[in-house]
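Below is one structure, written out as C-alpha cells; comments come after it.
Chain naming here is simple, since letters A, B, ... match the order of the sequence lines and numbering starts at 1 in each.
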2 protein chains.
Amino acid sequence: MNVDALPLLSVPACCQPLDGPSLTDAEAEGTASVFKALSDPTRVKIVNMLARSSEPVCVCELTPALRLAQPTVSHHLKKLVDAGLLLREQRGVWAFYRLDRDAVGRAAGILDLEGAIA
Amino acid sequence: MNVDALPLLSVPACCQPLDGPSLTDAEAEGTASVFKALSDPTRVKIVNMLARSSEPVCVCELTPALRLAQPTVSHHLKKLVDAGLLLREQRGVWAFYRLDRDAVGRAAGILDLEGAIA
DNA sequence: CTCATTCATTGACAAACGTCGATCTATGTG
DNA sequence: CACATAGATCGACGTTTGTCAATGAATGAG
C-alpha cells in the first residue's frame with residue numbers, strides 16, 4: 001500500500017510505529033509451550049503436589065489422588081516432562097517424578113515478568 | 001473390591017497413602033485458566049510487548065506488529081482480559097491495553113512456586 | 001519359564017482452540 | 001444527516017486437546 005497516496009485521515013494517528021516484535025517466534029513458542037503445560041487443572045494439581053514434596057513422588061500415589069484413569073495421568077505426566085517441568089526417575093517397577101524448580105522461572109523471565117512475580 | 005480377600009502382593013507397596021489433593025478443584029481451575037491465557041505464542045508476544053511498555057498500548061499498534069488479522073488480535077486480547085492479565089481502556093475510537101502486573105504472581109503463588117521464581 | 005503389577009502407548013471420541021471473512025457497534029468528521 | 005475508521009462479535013473451518021478402554025513393554029516373584 002502506498003502511504004503517500006492515501007487521503008488525509010479524518011482521524012488523527014494514535015501512536016508512533018514504535019518498536020518491533022521484541023520477541024522472536026521461537027522464543028514466544030517456547031515460552032508458550034511451558035505455560036501450555038500448566039494450562040490444565042489436573043496438571044496444576046500435579047505440579048502443586050510435587051512442589052509440596054521434597055522427595056520424588058510415585059505415580060501409584062498420584063493416580064488415586066487425582067481420581068483419573070491411569071492412562072490419563074500418564075498422559076499428563078508426559079506433557080509436563082516434555083515441557084521440561086518434571087523429571088522422571090525409574091525405580092524398579094515404579095516411576096517417580098519430581099519438579100524441575102528452575103523451569104517456570106525461565107519462562108517467566110522471557111516474558112519480562114521477573115519484577116511482577118514473587 | 002474386598003481388600004481382605006486379595007492374595008498377598010508379590011510386589012511391596014512403594015509409598016504411604018500420604019496427603020490429599022492439597023488444592024481444591026476451583027483453585028486448580030482458576031490457576032490453570034491464567035496459564036491457559038499464556039499458552040499461545042501470540043498472547044505471549046502481546047504480554048511481552050505490554051510488559052516492556054510503561055504506558056498502555058493501542059490495538060492499532062499491536063495488530064501490524066503481530067501480522068495477524070484484526071479479529072484474531074481482538075480475540076486474543078479478550079482472552080487475556082478475561083483471565084485478568086490485561087486491563088482495557090477506551091480512548092475515543094481507540095482501545096488501549098496494559099498489563100495487570102500482579103496477576104501472574106498470584107497464579108504462581110497458588111502453585112507454591114514462589115521460591116522457584118525470581 | 002509363568003504370572004502379576006506398574007506404567008507407557010495406541011486409537012477413538014467429543015469438546016475446545018486459533019484463524020479469518022463478514023458483519024455490527026461506537027466514535028469522530030464534515 | 002452521511003461517511004470513514006477502530007475494534008468487537010459472529011460463523012465456519014481445520015487442528016489440537018482431555019479422556020478412557022484396550023493393548024504393549026518392562027520389572028519382579030515364584
Do B:L62 and B:M49 pass the side chain to side chain contact (heavy atoms under 4.5 Å, CB included) test, and can you show the C-alpha distance, the side-chain angles, and the key distance before you say yes or no?
CA-CA 9 Å; B:L62 293 173; B:M49 292 178 70; 3.9 Å; yes
Whole-Å distance between C:dT6 P and A:E89 CD?
18 Å
Nearest nucleotide by nearest heavy atom, which residue falls closer to the 5' end of DNA chain D, A:R67 or A:R91?
A:R67
Is there a donor-acceptor pair closer than 3.5 Å between any side-chain N or O of B:R101 and the backbone N or O of B:A51?
yes
Contact state string [nucleotides 9-19 of chain D, B base, S sugar-phosphate only, - no protein heavy atom under 4.0 Å]
B-------SSB
What donor-acceptor contacts under 3.5 angstrom involve side-chain atoms of residues 64-88 of chain A, with partners at least two apart or in another chain?
| residue | atom | partner | partner atom | Å |
| --- | --- | --- | --- | --- |
| A:H76 | ND1 | A:R43 | NH1 | 3.0 |
| A:R88 | NH2 | A:Q90 | OE1 | 2.2 |

Contact under 4.0 Å: A:Y97 side-chain N or O vs C:dA8 OP1/OP2
yes
Closest to the A:V59 side chain, choosing from D:dT5, C:dC7, D:dG7:
C:dC7
Tell me the interatomic distance from B:I46, atom CD1, to C:dG18, atom P, rounded to whole angstroms.
11 Å
Taking atom C1' of C:dT25 as reference, at what distance in whole Å does atom CD of B:Q90 sit?
11 Å
Taking atom C1' of D:dG7 as reference, at what distance in whole Å does atom CG of B:L62 sit?
12 Å
In chain order, what residues pass the side chain to side chain donor-acceptor pair (under 3.5 Å) check against A:D100, with sequence neighbours excluded?
none
For A:E29 and C:dG18, give me the distance from atom CD to atom P, rounded to whole Å.
14 Å
Taking side chain to side chain contact (heavy atoms under 4.5 Å, CB included) as the definition, give me every residue that meets it alongside A:A32, ordered by chain and number, with sequence neighbours left out.
B:P41, B:V44
Test your reading of the model: is there a side-chain donor-acceptor pair from B:E29 to the backbone of B:A26, 3.5 Å cut-off?
no
If you check the A:V93 side chain, which of C:dT6, C:dG28, D:dA8 turns out closest?
C:dT6
Could you tell me which residues satisfy salt bridge (Lys or Arg N to Asp or Glu O under 4.0 Å) with A:R91, sequence neighbours excluded, listed by chain and number?
A:E89
What's the CZ-C1' distance between A:F35 and C:dG18, to the nearest Å?
19 Å
Measure the distance from CD on B:E61 to C1' on D:dG7 and round it to the nearest whole Å.
16 Å
Considering just the side-chain nitrogens and oxygens of B:R88, establish if one lies under 4.0 Å of OP1 or OP2 belonging to D:dG7.
no
